[in-house]
There are 2 protein chains.
Amino acid sequence: MTGSVRPPSKFLAAIAQIQEMIKRDRLGPGDKIPSERELSDRLSIGRSSVREALRALELLGLIETRRGEGTFLRDFKDHQLVPLIGTFLFDGDQTKEDIHDVKAILELGCLAVLVRNETADAKELTNSVGQLIEKTDNRLLQSIWMIISNYAGNDPDDERLQKLLASAREIQYSKRQ
Amino acid sequence: MTGSVRPPSKFLAAIAQIQEMIKRDRLGPGDKIPSERELSDRLSIGRSSVREALRALELLGLIETRRGEGTFLRDFKDHQLVPLIGTFLFDGDQTKEDIHDVKAILELGCLAVLVRNETADAKELTNSVGQLIEKTDNRLLQSIWMIISNYAGNDPDDERLQKLLASAREIQYSKRQ
DNA sequence: TGAATTGTGTGGTCTGACCACTTAAAGGAA
DNA sequence: TTCCTTTAAGTGGTCAGACCACACAATTCA
């Protein structure tokens with residue numbers, strides 16, 4: 001017998017086809033996607049498998065379901081995935097130290113970005129780092145920091161902040177071509 | 001009528017309880033978790049709902065299912081969530097820049113940590129940043145970097161690396177108490 | 001001993017049946 | 001007519017049962 005590739009699970013197939021459908025029909029946040037039963041029909045996949053796919057996408061925060069109404073595309077900005085991951089990832093003991101390191105790294109980097117963009121001012125450092133990060137206008141950075149910060153707890157350490165800024169001034173991230 | 005809070009969906013309840021079970025039983029990567037039918041029994045939740053939960057966790061790369069064998073905890077290093085999210089999230093144009101920034105931030109921070117720990121040596125910089133990051137012994141940092149890096153693509157920019165190291169030397173993350 | 005067979009457990013999938021809820025249409029009272 | 005009530009249809013939420021495909025270990029048989 002040659003290869004005999006195993007076909008992808010209906011579950012994954014459903015996700016792929018739903019994604020494709022969204023893209024093809026130019027659906028955006030807030031738009032409604034077909035009902036579970038209709039999807040099951042159109043994709044020739046049992047409703048169970050369609051639901052498994054939808055639930056997974058929902059857990060990721062990519063869609064939103066409202067009983068009696070339907071399933072809607074969500075604004076990707078507020079995806080849930082990371083807090084989710086966190087609960088799994090941040091279990092161990094060592095990770096606690098790691099969190100502090102990563103948080104510091106992100107904060108430093110954030111400042112560096114601000115300095116590069118000349119958005120930041122020394123005075124503004126009286127604000128919390130959280131507010132500063134919002135100014136980076138980097139959604140990805142914001143997301144990650146928010147998550148980390150969520151697990152690190154608050155530590156308004158002004159002294160550390162000053163050191164970070166000093167370091168940040170030294171850094172010049174090369175603008176990408 | 002007062003509040004009348006809606007009970008959380010079985011789907012979410014299943015996820016929560018499975019997580020709790022994992023924590024309680026001290027299960028780690030590679031370990032097997034109860035079968036779908038047993039979970040359905042123990043949690044008093046229909047197998048369909050249990051499956052929806054498991055599929056979602058699988059999509060995140062947190063568990064792995066093998067037909068005929070069972071469901072196993074996966075090493076968090078290779079969680080799938082980001083490629084997944086990516087197809088939804090990283091469509092736009094701006095996000096692409098964000099990725100580069102975050103990647104640079106992490107790399108810089110990584111070097112700073114290495115310098116602090118006196119683990120890094122100038123010579124070692126001939127290696128890729130990826131290998132350096134492994135030495136930080138910071139799982140969280142490794143995870144995030146791997147994800148980001150996955151979307152940023154490779155750019156072996158030695159010059160940038162040198163600048164980063166110089167900056168890193170200036171930085172002294174205060175050891176946590 | 002060693003190979004083939006069987007049995008059991010597991011995930012993968014589908015179907016049909018309810019329930020709870022939302023919305024809009026249909027109906028009747030003013 | 002207008003307004004409220006009732007009804008119907010559509011949707012997600014959940015469950016139970018039934019198969020199938022597969023992996024593994026126990027059993028059987030040559």
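Below, chain A is the first sequence line, B the second, and so on; all start at residue 1. This structure is a prediction, so every number in the text was calculated from the model and none was measured.
- For E36(B), the salt bridge (Lys or Arg N to Asp or Glu O under 4.0 Å) partners two or more places apart in sequence, or in a different chain, are R47(B), R51(B), R55(B).
- Nearest approach of F11(A) to E52(A), heavy atoms of both residues: CE1-O, 3.5 Å.
- The rotation axes computed at either terminus of the helix from dT1(C)-dA30(D) to dA30(C)-dT1(D) lie 20° apart, taking five pairs at each end and rounding to 10 degrees.
- I15(A) CD1 to L62(A) CG: the interatomic distance, rounded to the nearest 0.5 Å, is 9.5 Å.
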Show which side-chain atoms of residues 24-35 of chain A pair as donor or acceptor with protein atoms under 3.5 Å away, not counting sequence neighbours.
residue: D31(A); atom: OD2; partner: G28(A); partner atom: N; Å: 2.8
residue: K32(A); atom: NZ; partner: E69(A); partner atom: O; Å: 3.2
residue: S35(A); atom: OG; partner: E38(A); partner atom: N; Å: 3.2

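- Remark: P of dT14(D) and CG of L39(B) are 16 Å apart, rounded to the nearest angstrom.
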request  = Can you check each nucleotide of nucleotides 7-13 of chain C against protein heavy atoms at under 4.0 Å and return B for base, S for sugar-phosphate only, - for none, in 5' to 3' order?
outcome  = --BBBBB
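- With sequence neighbours left out, the side chain to side chain contact (heavy atoms under 4.5 Å, CB included) criterion links S48(B) to no other residue.
- Atom CG of L59(B) and atom CG of L57(A) lie 7.0 Å apart (nearest 0.5 Å).
- What you find for I18(B) and A53(B) is that their closest heavy atoms are CD1-CB, 4.5 Å.
- To the nearest angstrom, C1' of dA16(D) lies 17 Å from CG of L43(B).
- Scored by the side-chain hydrogen bond (donor to acceptor under 3.5 Å, both in side chains) test, Q17(A) finds no partners at all (sequence neighbours excluded).
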